[in-house]
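When a ligand or atom number is given, it counts from 1 through the structure's own listing order.
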Amino acid sequence: MKVKVKVPATSANLGPGFDVAGLALTLYNTFTFEIIESGLNITGCPKQFCNEENMTYQAFVAGAKACGLEFSGLSIECGGDVPYTRGLGSSSTCIVAGLVGAFAFKDQGEDRQTILELATQIEGHPDNVAPAIFGGLTVSVMTDKVTTLNIPVKHDYRFVTLIPPFTLSTEKSRSVLPQQLSRADAIANVSHLALMVASLINGHDEGLKIGFGDRLHQPYRGKLIPGFEEIMAILGKDKDVLGCYLSGAGPTIMALIKAEDTKGVVRIKEELGHLLDGWQVEKLELDMRGYTCDYE
Ligand code: HSE
């Protein structure tokens, strides 16, 4: 028996919601697991990741321990389109898939809250793994457990995903953040996040235009991304771009438009011109399911 797990890419933070807010996108990685007699056989990803350090394998081992699965050896076939180290949750796809794969061999692959708790322990924060698990747009709070809720979004949005040709590791991107914030910056972020969530629920375009503002991470991380300030300023002037933010730890930049703005991608490309040289531009939608798990 094989277990096939498909996990959506995610975009975390959404501006002010650092380590809190995230959304799932219609871009996927797939992982097919098979228990074999012995050893570890990983295919479909760069050679340097085909060993016991592999994140998906590590998550599978953690999942097996948590659900009491014993296995002699494992084969993992990886595939999909989520770019690596670009701020689109590729590591979350690996973590979620590994855990779900192990639980699925025990018929427990749909226990999403348990997967969330374990995935958050591994990742350290829930903002990417939560939407990868539940789909949609989520906010999460960590106490002695992880509490995640979906935001019911009023309008049909599209996510214009600007993916640079260079990578930025989460480790480096977190290392430039200050250890402490002023009260004014803390209030700015709390208020912007509240406004952004309320605007998404109510379909309030003017609130969204303000609500994606952030003073906690983007001002620091932006300096690591050539063209960041310029791109954000140009997107900010486009009246039909309802919000723009650094996706996850970056370097991808996300612009939110309405579904009916069918010329949005062409317009944004024109506005940004040479600033997008070498960048990949994708128009994505919200994935509303989160991971899927099938038996083959
Ligand atoms: N909230 C995380 C960060 C997402 O911004 O560092 C990337 O793991």
**Request:** Starting from the C-alpha separation in whole Å, work towards a yes-or-no answer on ring pair (Phe, Tyr, Trp, His ring centres under 6.0 Å) for Tyr84 and Phe49.
**Result:** CA-CA 12 Å; Tyr84 177 71; Phe49 303 123; 5.3 Å; yes

**Message:** Which residues pass the side chain to side chain contact (heavy atoms under 4.5 Å, CB included) test with Ser199, not counting sequence neighbours?
**Reply:** Leu195, His204, Leu208

**Request:** State the atoms of ligand 1, each with its element, that fall below the 4.0 Å cut-off from a heavy-atom position in Arg174.
**Result:** 1 (N), 2 (C), 3 (C), 6 (O)

**Item:** Distance flag, aromatic centroids of Phe60 and Phe33, threshold under 6.0 Å
**Value:** yes

**Asked** What part of Asp19, side chain, backbone, both or neither, has a heavy atom within less than 4.0 angstrom of ligand 1?
**Response** both

**Prompt:** Of all the non-hydrogen atoms in the protein, which one sits nearest to atom 8 (O) of ligand 1, and at what distance?
**Reply:** His125 CE1, 3.0 Å

**Item:** Close-contact set for ligand 1 against Phe18 heavy atoms, below 4.0 Å
**Value:** 3 (C), 5 (O), 6 (O)

**Request:** Give the contacting part of Arg221 toward ligand 1: side chain, backbone, both or neither, where contact means a heavy-atom distance below 4.0 Å.
**Result:** side chain

**Asked** Can Arg112 and Glu110 be counted as an ion pair, charged N to O under 4.0 angstrom?
**Response** yes

**Complete:** So the atoms of ligand 1 within less than 4.0 Å of a heavy atom of Asp127 turn out to be 1 (N), 2 (C), 4 (C)

**Prompt:** Do Arg221 and Asp214 sit within salt-bridge range, that is, some charged N less than 4.0 Å from a carboxylate O?
**Reply:** no

**For atom 7 (C) of ligand 1, the protein heavy atom that lies nearest, with its residue and separation** = Asn128 OD1, 3.5 Å

**Asked** Tyr245 and Phe159: aromatic ring centres closer than 6.0 Å?
**Response** no

**Asked** Would you say Asn13 has any N or O atom under 3.5 Å from an N or O of ligand 1, going by distance alone?
**Response** yes

